[in-house]
Student: 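Pasting in a structure now, in structure tokens, and then I'll have a few things to ask.
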Amino acid sequence: MLAEGALEPGTPAAPAAPSPARVRAPASGNLFRPISAEDEEQQPTEIESLCMNCYRNGVTRLLLTKIPFFREIIVSSFSCEHCGWNNTEIQSAGRIQDQGVRYTLTVRAQEDMNREVVKTESATTRIPELDFEIPAFSQKGALTTVEGLINRAISGLEQDQPMRRASEETIAERIDEFIVKLKELKQVASPFTLIIDDPSGNSFVENPFAPQKDEALVITHYNRTSKQEEMLGLQAEASEEKPEEDDLRNEVLQFNTNCPECNAPAQTNMKLVKSGGAVEPLGTRITLHITDPSDMTRDLLKVTKNPFTLGDSSSPGQAEKLQEFSQKLDQIIEGSMKAHFIMDDPAGNSYLQNVYAPEDDPEMKVECYTRTFDQNEELGLNDMKTEGYETGLAPQR
């Protein structure tokens, strides 16, 4: 078990590029070895590096180790004997995992505070009981314990308290009260929940009963969202693989227009829906007997369109007929008139919802029929050669 504070970071700093002046290699053996206090041969690699605080030489120590029942990690620690600057962080030695991971630990006893924890910089840490959250990429990765995570949070909150007390005393008092609550958590007077959510899938919370199940620990693997993919730098690759048409397929277009009834400004939402396949071998005729207003809410996909309009130049007789027809349509919509709705699609790609599915709809009839010559001509199928088209296509010189 990792000793508390043994690998805890101090003031954050990035180690500088190593100098070839002094390098001590680890003992021979496996490159990644399980971390153990009893393994005397497991020693970190020491590299002389430039301190970014005082610009004198310090030492970077790299330890390649393996967490039992987890995976390989790289622990790096920089310290400067001249100014006291130090920095510790961990990195996964592998790739970003296929799925994110969420560890939910119920801390009930003091032993739970000593559980080993690997927290990468992409992980979010939450304690719901205190409504406390450490966002992703706000801290460097760390190899620590549950108690170490809390100590790290306390140190971060206390760091700027002297300045807050001088400029924003009210906020400083509230933070002091919250720090007291965090310190009380370490006593485990009552159970609390620790959640580590890592989209990269490389964080870890120790199961002391492994390979047996840990009743206090719930591990959830999940598919990352687009926002999490972008946060990890994976979104660019995904967007290159997806054609632009796939993005537009799910896009709802909005444009300003006028209401056809009162001519007031309005907004129209439009989504492109088209058949995903070729022209079907047979045409389709769908007949629906409209008997109830609820029939007007059925989903419908109509591939072809033949609109009719009533313009200012229409003759008076035609206008009266269309007005009468419009009134009948209103009666059908209101449910006061029963009617048959027929949708005839020679391409066979139209659709009308069956509200009784998977059973047959007693009010709907679907017929498949052979297209006429004229219908094939309209669809451009008469001159289309779909079999043996490669015959006779000799290369032209």
Student: Give a yes or no on whether Asp160 atom CG has more than 12 heavy-atom contacts from other residues, nucleotides or ligands under 6.0 Å away.
Tutor: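 Yes, because the 6.0 Å sphere around CG of Asp160 holds more than 12 heavy atoms from other groups.
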
Student: Do Ser203 and Val118 touch side chain to side chain, with heavy atoms closer than 4.5 Å?
Tutor: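 A side-chain contact is absent here, since even the closest heavy-atom pair is not under 4.5 Å.
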
Student: Would a single hydrophobic cluster contain both Leu282 and Leu352, if residues Ile, Leu, Val, Met, Phe, Trp and Tyr are joined by side-chain heavy-atom contacts under 4.5 Å?
Tutor: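 Leu352 and Leu282: separate clusters.
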
Student: Answer yes or no: is there a side-chain heavy-atom contact under 4.5 Å between Phe204 and Glu206?
Tutor: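 Yes, close enough: below the 4.5 Å cut-off.
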
Student: Name all pairs fulfilling the ring pair (Phe, Tyr, Trp, His ring centres under 6.0 Å) condition that reach into residues 145-176, sequence neighbours left out, sorted by first residue then second.
Tutor: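 Ring pair (Phe, Tyr, Trp, His ring centres under 6.0 Å) check on residues 145-176 returns no pairs.
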
Student: If I take atom NZ from residue Lys140 and atom OG1 from residue Thr120, how far apart are they, to the nearest 0.5 angstrom?
Tutor: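 One finds 12.0 Å between NZ of Lys140 and OG1 of Thr120.
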
Student: So, using side chain to side chain donor-acceptor pair (under 3.5 Å) as the criterion, who are the partners of Tyr55 when residues are at least two apart?
Tutor: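 Scan of Tyr55 (side chain to side chain donor-acceptor pair (under 3.5 Å), adjacent residues dropped) gives none.
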
Student: Can you check whether Met113 reaches Ile150 side chain to side chain, under 4.5 Å on heavy atoms?
Tutor: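 A side-chain contact exists here, since the closest heavy-atom pair is under 4.5 Å.
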
Student: Judged by atom type as modelled, is there a donor-acceptor pair below 3.5 Å linking the side chain of Asn86 to the main-chain atoms of Cys80?
Tutor: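 Absent.
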
Student: Quick one: does Ser49's side chain have a donor or acceptor within less than 3.5 Å of a partner on Ile47's backbone?
Tutor: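 Indeed, once roles are kept as given, a pair shorter than 3.5 Å links the two residues.
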
Student: If you group Ile, Leu, Val, Met, Phe, Trp and Tyr by side-chain heavy-atom gaps below 4.5 Å, do Val218 and Ile195 land in one group?
Tutor: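 The answer is no; the residues belong to distinct hydrophobic clusters.
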
Student: Nearest 0.5 Å, what's the OG-CD distance between Ser138 and Glu133?
Tutor: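 With rounding to 0.5 Å, OG (Ser138) is 8.5 Å from CD (Glu133).
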
Student: Grouping I, L, V, M, F, W and Y whenever their side-chain heavy atoms are under 4.5 Å apart, do Tyr351 and Tyr369 come out in a common cluster?
Tutor: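 No: no chain of side-chain contacts under 4.5 Å links Tyr351 to Tyr369.
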
Student: Tell me, please, whether Tyr222 has Arg102 positioned over its six-membered ring: NZ or CZ under 6.0 Å from the ring centre and within 45 degrees of its axis?
Tutor: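 Yes.
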
Student: Could you go through the side chain to side chain donor-acceptor pair (under 3.5 Å) check for Ser200 and Arg224 one step at a time?
Tutor: CA-CA 9 Å; Ser200 74; Arg224 287 183 286 267; over 6 Å; no

Student: Check for a donor-acceptor pair, side chain of Asp198 on one end and backbone N or O of Val101 on the other, with a separation under 3.5 Å.
Tutor: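 Answer holds: no.
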
Student: Indicate yes or no for a side-chain donor-acceptor contact from Asp112 to the backbone of Ala109 under 3.5 Å, with no hydrogens or angles considered.
Tutor: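 It does hold such a pair.
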
Student: Are Ile342 and Arg285 packed together at the side-chain level, in the sense that at least one heavy-atom pair is separated by less than 4.5 angstrom?
Tutor: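 Result yes, sub-4.5 Å side-chain heavy-atom pair found.
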
Student: Under 3.5 Å, side-chain donor or acceptor atoms of residues 286-295 against the rest of the protein: list the pairs with distances, not counting sequence neighbours.
Tutor:
residue	atom	partner	partner atom	Å
His289	ND1	Glu363	OE1	3.3
Asp292	OD2	Ser294	N	2.9
Asp292	OD2	Ser294	OG	2.7
Asp295	OD1	Arg298	NE	3.3
Asp295	OD1	Arg298	NH2	3.3
Asp295	OD2	Thr291	N	3.0
Asp295	OD2	Asp292	N	3.3

Student: Identify the two heavy atoms, one from Pro346 and one from Arg371, that lie closest to each other, and give their separation to 0.1 Å.
Tutor: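 Taking Pro346 first and Arg371 second, the nearest heavy atoms are O-NH1, 2.7 Å.
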
Student: Indicate yes or no: at least one non-hydrogen side-chain atom of Glu111 is less than 4.5 angstrom from one of Pro208.
Tutor: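 The answer is no; the side chains never approach within 4.5 Å.
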
Student: Do the side chains of Ile96 and Leu234 get nearer than 4.5 Å, heavy atoms only?
Tutor: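 Result yes, sub-4.5 Å side-chain heavy-atom pair found.
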
Student: Mind checking what makes side chain to side chain donor-acceptor pair (under 3.5 Å) contact with Asp330, not counting sequence neighbours?
Tutor: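 Checked Asp330 against side chain to side chain donor-acceptor pair (under 3.5 Å); zero matches.
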
Student: Quick one: CD1 on Ile171 to CZ on Arg164, what's the gap to the nearest 0.5 Å?
Tutor: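 Taking CD1 in Ile171 and CZ in Arg164, the distance rounds to 8.0 Å.
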
Student: Within the distance-only criterion (no hydrogens, no angle test), does the side chain of Arg115 pair as donor or acceptor with the backbone N or O of Val146 below 3.5 angstrom?
Tutor: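 Such a contact is absent between Arg115 side chain and Val146 backbone.
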
Student: Distance-only, no hydrogens or angles: does the Ser336 side chain make a donor-acceptor pair with backbone N or O of Gln331 under 3.5 Å?
Tutor: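 At least one qualifying donor-acceptor pair exists.
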
Student: Rounded to the nearest 0.5 Å, how far apart are CD1 of Ile134 and CZ of Arg152?
Tutor: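 If we round to the nearest 0.5 Å, Ile134:CD1 and Arg152:CZ are 8.0 Å apart.
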
Student: I need the Leu105 CG to Arg108 CZ distance, nearest 0.5 Å.
Tutor: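 It is 8.5 Å, given to the nearest 0.5 Å.
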
Student: Over all heavy atoms of both residues, which pair between Gln353 and Thr297 is shortest? Give the atoms and the distance, please.
Tutor: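 Where Gln353 meets Thr297 most closely, the heavy atoms are OE1-O, 4.3 Å.
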
Student: Would you name the heavy atoms of Gly348 and Glu280 that are closest together and state the gap between them?
Tutor: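 For Gly348 versus Glu280, the nearest heavy atoms are O-CG, 3.3 Å.
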
Student: Can Arg126 be said to sit on top of Phe132's aromatic six-ring, NZ or CZ under 6.0 Å from centre and within 45° of the ring axis?
Tutor: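 The answer is no, since Arg126 fails at least one limit relative to Phe132.
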
Student: Please table the atom pairs, donor to acceptor, closer than 3.5 Å between any side-chain atom in residues 173-194 and protein atoms at least two apart or in another chain.
Tutor:
residue	atom	partner	partner atom	Å
Asp176	OD1	Gln161	NE2	2.7
Asp176	OD1	Arg165	NH2	3.1
Asp176	OD2	Arg165	NH2	3.3
Lys186	NZ	Asn151	OD1	2.8
Thr193	OG1	Glu129	OE2	3.0

Student: Would you mind listing the cluster partners of Tyr356? Hydrophobic ones only (ILVMFWY), side-chain contacts under 4.5 Å, chaining allowed.
Tutor: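 Direct or chained contacts put Tyr356 with Val355.
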
Student: If hydrophobic clusters are built by linking Ile, Leu, Val, Met, Phe, Trp and Tyr wherever their side-chain heavy atoms come under 4.5 Å apart, do Met296 and Met343 end up in the same one?
Tutor: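 Yes.
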
Student: Examine the side chains of Tyr103 and Asp197 and answer whether a donor and an acceptor come within less than 3.5 Å of each other.
Tutor: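 No, no side-chain donor-acceptor contact under 3.5 Å.
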
Student: Take Lys119 and Leu149, measure what side-chain contact (heavy atoms from CB on, under 4.5 Å) needs, and give me the verdict at the end.
Tutor: CA-CA 9 Å; Lys119 178 186 173 297; Leu149 282 179; 3.7 Å; yes

Student: Working to the nearest 0.5 Å, report the span between CD1 of Ile196 and OG1 of Thr104.
Tutor: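 The CD1 atom of Ile196 sits 9.5 Å away from the OG1 atom of Thr104.
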
Student: With a 4.5 Å heavy-atom cut-off, do Gln323 and Phe325 have their side chains touching?
Tutor: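 No, their side chains stay 4.5 Å or more apart.
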
Student: Output yes when a side-chain donor or acceptor of Gln97 lies under 3.5 Å from a complementary backbone atom of Gly201, and no otherwise.
Tutor: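 Looks like no, no N/O pair under 3.5 Å.
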
Student: Measure across Ser122 and Phe137 and return the closest heavy-atom pair with its distance rounded to 0.1 Å.
Tutor: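 Minimum heavy-atom contact is CB-CZ, 3.7 Å.
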
